[in-house]
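Reading through the structure tokens given below for one structure.
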2 protein chains.
Amino acid sequence: MATNISTKLLYAFVALKETRHFTRAAERCHTSQPAFSAMIRKLEEAAGTRLFERDTRNVTLTPEGKLFSEVARSLIADTEAAFDDMADYVARRRGRVSIAALPSLAARALPAIIAEYRRLYPGVAVSLHDALSDQCLALLRQRKADLVLTAPGANFNEFDSRVLGSDPFYLVCRRDHPLAKKRRIRPGDLAGHEIVHLAKSSSVRQYADILLRDVAAVHSGFEVEHLATVAGLVEQGLGVSLVPQLTLFQFRLLDLAAIPLASQEQTRPILVVTRKDETLSIAAQGMLELIEKHVKPVEE
Amino acid sequence: MATNISTKLLYAFVALKETRHFTRAAERCHTSQPAFSAMIRKLEEAAGTRLFERDTRNVTLTPEGKLFSEVARSLIADTEAAFDDMADYVARRRGRVSIAALPSLAARALPAIIAEYRRLYPGVAVSLHDALSDQCLALLRQRKADLVLTAPGANFNEFDSRVLGSDPFYLVCRRDHPLAKKRRIRPGDLAGHEIVHLAKSSSVRQYADILLRDVAAVHSGFEVEHLATVAGLVEQGLGVSLVPQLTLFQFRLLDLAAIPLASQEQTRPILVVTRKDETLSIAAQGMLELIEKHVKPVEE
DNA sequence: GTCAATTACGTTCTCCGTAAGGATG
DNA sequence: CATCCTTACGGAGAACGTAATTGAC
């Protein structure tokens with residue numbers, strides 16, 4: 001029933017239709033003339049009727065050949081379009097990639113990566129969501145994001161995740177603060193100091209809380225949403241804060257001191273999270289490679 | 001460049017997409033599982049990328065596979081539609097055939113043939129033009145007719161023509177006319193009788209003129225367009241006429257006498273005329289076969 | 001007699017099926 | 001350890017190219 005038709009036969013048909021000459025059509029198809037005859041014969045068998053009327057002198061389309069002629073053109077065009085499209089996606093001349101990332105990553109690390117990506121693959125549409133971890137994962141679940149950059153949290157079993165790098169914590173304080181003179185900070189050093197906190201929903205806060213678990217720090221009473229606000233409060237001497245390296249740009253703007261924590265274990269891992277058992281699109285793979293290229297050197 | 005893609009590969013793709021299982025998809029394609037794997041591999045090579053992500057447990061579409069999936073469906077559908085259409089034309093479930101014929105043929109012989117054709121092939125659109133010979137040939141030239149039934153005339157070299165049968169001439173007259181008692185008429189018998197003529201543009205007239213070339217017949221002064229008018233005039237005793245057998249029905253309606261001419265050579269050949277070096281459509285071939293089946297027995 | 005499509009025929013190559021291999025849960 | 005996709009391999013059939021044949025002008 002389902003006769004097997006190959007594009008080769010369609011190309012042969014079009015070549016013969018246009019040349020009206022077996023020998024020349026065979027040349028155009030890079031094949032010998034008898035082989036070409038066989039292809040036409042095979043196509044005619046599939047069609048169930050002669051498509052060309054021919055003798056040794058003339059080759060003309062039959063009425064059925066004329067009917068087939070119109071459709072053959074569009075079959076070829078559609079097939080070529082399909083594979084050309086596919087080649088565009090493979091070459092990242094077309095496509096789409098959507099990233100969701102923590103605000104700290106979205107603001108600082110990602111823009112340069114995205115800029116390079118767009119330079120390499122201008123045809124691919126890139127979208128970026130900056131959101132807190134839970135919302136990033138929700139976007140991933142809803143397929144509104146392909147890649148998520150975040151720090152570890154609860155319920156990551158649902159996804160695939162890989163460590164991209166780790167983001168060490170720093171103490172930030174005024175340059176005239178007593179702790180500003182230290183080269184390294186241990187959590188215990190913070191005992192008795194007022195701490196400006198981010199909201200509990202932020203991943204930075206969750207890691208900071210772990211760091212401060214056994215420390216008698218004084219809560220400043222400030223618990224704000226944005227790092228820029230933390231920076232403003234710290235600059236006014238209203239407290240110090242613990243933030244990851246990737247957010248330091250916010251504090252450097254105000255000429256605050258940033259001192260690394262002594263313990264290297266006290267870092268916030270940065271993960272790339274994807275949906276489980278699903279392949280990244282080629283566009284997204286390219287983005288991931290670029291992210292790894294940029295982030296890895298920062299870590300080591 | 002032009003990669004050769006066969007429908008077989010597209011069917012394999014769809015089968016695997018729907019079953020998500022190589023072994024079952026292979027069964028659906030009536031092939032062994034390794035052969036099926038090879039087909040998928042070949043399609044992926046043509047696409048330039050993996051279309052399925054698979055391990056021993058799961059088979060899922062890649063993002064590129066999803067893209068291809070949509071287009072594969074329509075490629076298959078278009079190809080099937082093309083060949084199904086062709087099968088319809090071959091089986092004369094669809095198509096078109098246009099006949100142009102002399103009025104005498106169109107009125108009497110053809111309706112029954114066309115009726116049978118429509119019964120056999122109800123899907124084929126049949127059109128019929130009744131016109132004089134020159135106009136029939138003009139329709140053929142303009143491709144508004146596929147088949148012409150007419151009598152020989154000038155400039156038939158432009159076309160292909162075949163004799164279908166021959167239409168012997170009859171004398172028609174009132175039953176009380178002196179000639180009505182004869183069993184056979186020779187042209188000479190008409191000497192002195194008034195003749196009712198068709199217009200000179202008709203093929204009947206042209207053959208009648210040849211028959212009367214050497215006869216001192218009296219022109220009645222009537223030269224009319226339609227056979228029905230000839231019949232009316234003859235019925236009123238205003239003359240006799242010479243007409244081919246196929247037109248006699250017009251005269252029998254009025255209970256007139258019709259006597260065959262003695263000389264069998266004095267017949268009007270009936271030709272089927274087609275365009276030179278062009279194939280008849282399958283629909284038209286069927287019509288021609290039916291015409292030959294009906295006309296041949298009349299002749300012999 | 002020449003040009004061109006078809007047929008004949010031997011070779012090559014692709015495709016297929018069986019059987020073994022390997023990965024995964 | 002059972003499932004199932006892949007690789008290996010040998011054989012069958014298709015496709016191809018060269019050469020001979022047929023046919024039309």
**Prompt:** Considering only dA4(C), dG17(D), dT6(D), which nucleotide approaches the side chain of His21(A) most closely?
**Reply:** dA4(C)
**Message:** With nearest nucleotide decided by heavy atoms, which residue, Asp277(B) or His30(A), maps closer to the 5′ end of DNA chain D?
**Reply:** His30(A)
**Request:** Mind running a 4.0 Å heavy-atom check of residues 48-58 of chain A against DNA chain C and sending the residues that fall below it, in number order?
**Result:** Arg54(A), Asp55(A), Thr56(A), Arg57(A)
**Item:** side-chain contact (heavy atoms from CB on, under 4.5 Å) partners for Glu53(B), two or more places apart
**Value:** Thr279(A), Thr60(B), Thr62(B)
**Prompt:** Considering residues at least two apart in sequence or located in another chain, which fulfil the ring-ring contact (aromatic ring centres under 6.0 Å, His included) criterion with Tyr121(B)?
**Reply:** Tyr117(B)
**Request:** Establish, with yes or no, whether the OP1 or OP2 oxygen of dG17(C) is under 4.0 angstrom from a side-chain nitrogen or oxygen of Thr31(B).
**Result:** yes
**Prompt:** Where along residues 33-46 of chain B does a heavy atom fall under 4.0 Å from DNA chain D?
**Reply:** Gln33(B), Pro34(B), Ser37(B)
**Item:** Contacts of type salt bridge (charged side-chain N to carboxylate O under 4.0 Å, His left out), residue Arg96(B), not counting sequence neighbours
**Value:** none
**Request:** Name all residues meeting the side chain to side chain donor-acceptor pair (under 3.5 Å) criterion together with Asp88(B); count only those two or more places apart in sequence or in a different chain, and write none if there are none.
**Result:** Arg93(B)
**Asked** How many angstroms lie between atom CD1 of Ile291(B) and atom CD of Glu289(B), to the nearest 0.5 angstrom?
**Response** 10.5 Å
**Request:** To the nearest Å, give me how far apart CG (Asn4(B)) and C1' (dA15(D)) are.
**Result:** 12 Å
**Request:** Would you name the heavy atoms of Asp167(A) and Pro244(A) that are closest together and state the gap between them?
**Result:** OD2-CB, 3.0 Å
Scan the side chains in residues 26-35 of chain B for donor-acceptor partners under 3.5 Å anywhere in the protein, sequence neighbours excluded, and list what turns up.
unit_1: Arg28(B); atom_1: NH1; unit_2: Glu18(B); atom_2: OE1; d: 2.9
unit_1: Ser32(B); atom_1: OG; unit_2: Ala35(B); atom_2: N; d: 3.3
unit_1: Gln33(B); atom_1: NE2; unit_2: Ser37(B); atom_2: OG; d: 3.2

**Request:** Taking all non-hydrogen atoms of both residues into account, name the closest pair between Phe36(A) and Ala25(A) and its distance.
**Result:** CZ-CB, 3.4 Å
**Complete:** Note: Ser201(A) and Leu132(A) closest approach over all heavy atoms is OG-CD1, 3.6 Å
**Request:** Find the bend of the helix from dG1(C)-dC25(D) to dG25(C)-dC1(D) as the angle between its two terminal axes (five pairs each), to the nearest 10°.
**Result:** 30°
**Asked** Any donor and acceptor pair, going by atom type alone, linking the side chain of Lys17(B) with main-chain N or O of Phe52(B) inside 3.5 Å?
**Response** no
Below 3.5 Å is the cut-off: list the nitrogen or oxygen pairs between protein and nucleotides 11-13 of chain D, distance only.
none

**Message:** Can you list everything that forms a side-chain contact (heavy atoms from CB on, under 4.5 Å) with Lys8(A)? Sequence neighbours excluded, please.
**Reply:** Ser6(A), Met39(A), Asn4(B)
**Request:** Taking side-chain contact (heavy atoms from CB on, under 4.5 Å) as the test, write out the residues that go with Gln142(A), two or more places apart.
**Result:** Ala138(A), Lys144(A)
**Message:** Rounding to an integer number of Å, can you tell me how far Leu9(A) CG sits from dA15(D) C1'?
**Reply:** 11 Å
**Asked** Excluding sequence neighbours, so at least two apart, what forms side-chain contact (heavy atoms from CB on, under 4.5 Å) with Asp55(A)?
**Response** Arg57(A), Asn58(A)
**Message:** Considering every strand and a 4.0 Å limit on heavy-atom distances, what is the contact class for Ser32(A): base, sugar-phosphate, or nothing?
**Reply:** base
**Asked** Which listed nucleotide (dA15(D), dC5(D), dA5(C)) is nearest to the side chain of Lys8(A)?
**Response** dA15(D)
